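Numbers restart at 1 for each chain; the letters A, B, ... are given by sequence-line order, proteins then strands. If you're wondering where the values come from, they're calculated on a predicted model, not measured in any experiment.
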Amino acid sequence: MINYKESIAKTLAANIDVLSYEEILTLVEHPKNTEMGDYAFPCFKLAKAFKKAPNVIAEELVLKVNNNELFSKVEAIAGFLNFTVNAEHFAKNIIEEVLSLGSKYGASDIGANKKTIVEYSSVNIAKPFHMGHIRSTMIGESLHRIYKFLGYDTVAINHLGDYGTQFGKLIVAYKLWGDKDTIDANPIPELLKIYVKFHQEAETNPSLEDEARAWFTKLENGDEEAVALWTLFKDMSLKVFNRVYGKLGVTFDSYAGESFYSDKMPAIVKELRDKNIVEKSDGAEIVNLEPYGLTPALVTKKDGSSLYLTRDLAAAKYRKDHYNFDKNIYVVGSAQKLHFQQWIKIVELMGYDWYKDCIHVDFGMVALEDGALSTRKGNVAFLEDVLDKAVEQTLLIINEKNPDLENKETVARQIGIGAVVFQELYTSRTKDYSFSLEKTLSFEGETGPYVQYTHARACSVLRKVEVGSTVKPDFSALTDEASKSVVRTLSKFGEIVNLAHKNYEPHTIARYAIELAQGFNRFYHDNPILVEDENVRAARVALVQATEIVLKNALYLVCLEAPEKM
RNA sequence: GCACUCGUAGCUCAGUGGAUAGAGCAAUCGCCUCCUAAGCGAUAGGUCGGAAGUUCAAGUCUUCUCGGGUGCGCCA
């Protein structure tokens with residue numbers, strides 16, 4: 001297997017003293033315009049050291065590296081050293097590598113013996129699992145898969161919102177107006193209904209609030225009835241959540257949420273006091289973070305009870321002790337950026353150097369732009385409803401386009417949900433994002449179904465050829481621009497996965513999947529695959545096979561299934 | 001008020017300081033006797049919010065400014 005980029009860097013390093021091999025490697029890039037070549041090395045940084053103009057340096061370097069058999073052409077243009085690969089060798093090398101590595105193509109072992117925690121989704125018990133939760137859930141699941149793909153030992157944690165005074169309110173509401181059978185049949189909306197009713201009633205009857213606080217205290221003290229009701233709410237909610245996670249293909253290793261850490265708070269508060277990090281302020285305890293440009297962080301309330309931030313401190317400490325993570329990732333909205341800056345700074349002040357391994361992977365808000373999704377019909381913004389609607393819509397499309405397809409329901413599920421998930425992971429994390437059902441349900445262009453369709457097309461071709469053929473592929477048949485473009489894209493997959501990993505950005509991979517699909521569809525359109533000449537056919541089939549593999553790998557990393565027919 | 005964040009084509013968005021700023025959708029016009037038309041091609045569409053600065057090179061970095069979003073002690 002030949003790594004073209006490394007090969008270029010090696011050759012250049014032998015001819016350039018002022019830069020190391022590693023520095024050169026990071027400078028090697030892909031020209032914007034493929035007519036200029038497949039790889040490029042900008043010579044501008046050398047200008048000062050060499051005391052020469054970049055274009056002169058490039059021209060001199062050409063003479064020194066021009067005898068490399070991997071490249072059909074090396075030329076100097078405007079200060080760039082442009083490398084054009086020998087297309088036939090390139091196709092042979094890349095395709096053979098993809099075919100031999102299969103589902104491991106693009107993976108690596110950079111994460112070997114390293115433990116990464118990814119916390120994501122973190123929904124609230126007894127509250128709706130709505131469209132706003134999909135970002136954390138899918139970005140987290142995708143990162144989880146990327147880390148595993150790169151050899152990390154990963155732990156996926158769903159930090160459930162399963163504690164706090166709202167459970168006191170819920171218990172009061174349930175005892176007043178709840179009906180077990182009604183709620184069991186439709187847990188989340190019914191629990192929400194009585195929760196909302198509680199707030200309405202409490203406006204005219206404030207004693208309900210006191211009652212709620214009392215019930216939460218009972219819950220904390222292990223009161224049998226309170227714990228039983230809390231467990232009931234939690235079980236019913238988890239049943240619904242797990243149904244949704246199942247549809248999305250999302251899995252967790254731990255559901256340790258707020259309640260799990262409730263008994264670990266006193267120790268962390270004591271530690272903060274012992275280390276003289278906290279100070280009194282208006283009866284509460286705060287950490288003054290002004291020297292670090294942050295607002296004060298509240299650690300305990302006036303009544304001595306703990307807060308969200310205290311819980312995250314306790315949770316982080318527990319995770320370090322229990323998992324001994326190398327990296328501790330939180331996929332939580334950017335609205336909580338300050339909160340994370342605060343507690344991670346406090347971890348540093350506590351003297352733990354693993355504060356720098358705690359990373360807040362933030363993301364923009366989801367807004368529901370489509371009127372049909374807004375509050376008018378209340379339940380429509382439920383994530384599960386959106387997923388079901390997408391599946392339903394997909395089934396209609398299948399009946400129209402491919403009525404004889406077997407397993408229609410399964411395929412409709414894979415594509416409909418894929419459409420929703422893909423769209424979610426297609427834009428960069430940090431931007432606010434407006435969800436449009438209409439856009440999600442159009443399956444043309446830059447969409448999940450487009451990539452899946454391309455994959456199914458490739459599978460369809462592969463079904464028509466003899467497997468395990470011993471015919472020698474004629475890779476010179478893959479030197480036209482469309483074929484070469486597919487090979488070039490295939491070659492970049494590893495870099496793309498590393499980039500997504502480095503930036504905690506799944507959308508890099510989603511974009512890549514589109515690029516590969518577009519290239520393949522052009523190739524498919526321009527080149528007949530099942531041709532008479534068996535050597536040409538073998539080469540084209542090999543390219544189809546390689547594309548199928550990489551599309552499937554990429555789809556997996558962005559949490560989409562890859563149906564073989566659709 | 002202070003902090004963070006976003007501003008690129010009519011719309012939705014790409015664009016690790018590098019070459020002529022790119023896609024998709026929508027619009028207009030083409031391509032199924034041929035491997036899945038959920039596809040392919042073409043046309044049109046831009047003072048990268050604005051101003052100054054750093055640099056050989058700025059959509060990208062810095063400062064200022066305008067506009068949207070988010071956050072800022074007893075919720076989580």
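- Note on A:I398: a base of the nucleic acid sits closer than 4.0 angstrom, heavy atoms only.
- For A:D432, taking side-chain heavy atoms from C-beta onward, the closest of the listed nucleotides B:C56, B:C74, B:G68 is B:G68.
- Using a 4.0 Å heavy-atom distance criterion, A:D312 is classed as making no nucleic acid contact.
- Listed pair A:Y292 / B:A3 fails the phosphate criterion, with no side-chain N or O lying under 4.0 Å from OP1 or OP2.
- The partner of B:A57, taking Watson-Crick or G-U wobble pairs whose two distances both stay under 3.5 Å, does not exist in any strand shown.
- Remark: B:U47 base-pairs with no nucleotide; criterion is Watson-Crick or G-U wobble with both hydrogen-bond distances under 3.5 Å.
- Nucleotide B:C34 is matched to nothing when pairs are restricted to Watson-Crick or G-U wobble geometry with both distances under 3.5 angstrom.
- Across all strands, A:K502 comes closer than 4.0 Å to no nucleic acid atom at all (heavy-atom distances).
- Residue A:T394 has its side chain nearest to B:A38 when only B:A38, B:U36, B:A76 are considered.
- A:F216 and A:Y163 have their aromatic ring centers within a separation under 6.0 angstrom.
- Between B:U36 and A:S460, a contact under 4.0 Å exists linking OP1 or OP2 to a side-chain N or O.
- Pair check for B:G7 finds B:C66; Watson-Crick or G-U wobble, both atom distances under 3.5 Å.
- Heavy atoms of A:L338 sit under 4.0 angstrom from primed sugar atoms or phosphate atoms, though from no base atom.
- Between A:N521 and B:C40 there is a side-chain N or O to OP1 or OP2 distance below 4.0 Å.
- For A:R463, the side-chain atoms get nearest to B:U36 when compared with the rest of B:C40, B:C35, B:U36.
- Comparing B:U36, B:C75, B:G41 by their nearest atom to the side chain of A:Y524 picks out B:U36.
- Using modelled atom types, one finds a donor on one side chain and an acceptor on the other under 3.5 Å when comparing A:H30 with A:E495.
- A salt bridge is defined here as a Lys NZ or Arg NE, NH1 or NH2 lying under 4.0 Å from an Asp or Glu carboxylate O, and A:K52 with A:E60 meets this definition.
- Side-chain contact between A:Y308 and A:D312 is present, with heavy atoms from C-beta onward closer than 4.5 Å.
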Nucleic acid footprint by protein, nucleotides 18-33 of chain B - heavy-atom cut-off 4.0 Å, B for base, S for sugar-phosphate alone: BB---BSS--------
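- For A:K337, the side-chain atoms get nearest to B:U5 when compared with the rest of B:G73, B:U5, B:C74.
- Backbone-only contact: A:L307 has heavy atoms under 4.0 Å from sugar-phosphate atoms and none from a base.
- A salt bridge between A:K301 and A:E285 is absent, with no side-chain N of the basic residue lying under 4.0 Å from a carboxylate O of the acidic one.
- In this structure, the nucleotide among B:A37, B:U5, B:U70 sitting nearest to the side chain of A:R457 is B:A37.
- Regarding contacts with the backbone of B:C6, every side-chain N or O of A:K431 stays at 4.0 angstrom or more from both OP1 and OP2.
- Taking 4.0 angstrom as the limit, A:S428 places a side-chain polar atom (N or O) nearer than this to OP1 or OP2 of B:A14.
- Which of B:U70, B:A76, B:C72 sits closest to the side chain of A:Y308 comes down to B:A76.
- With a cut-off of 3.5 Å on both pairing distances, B:A14 has no Watson-Crick or G-U wobble partner at all.
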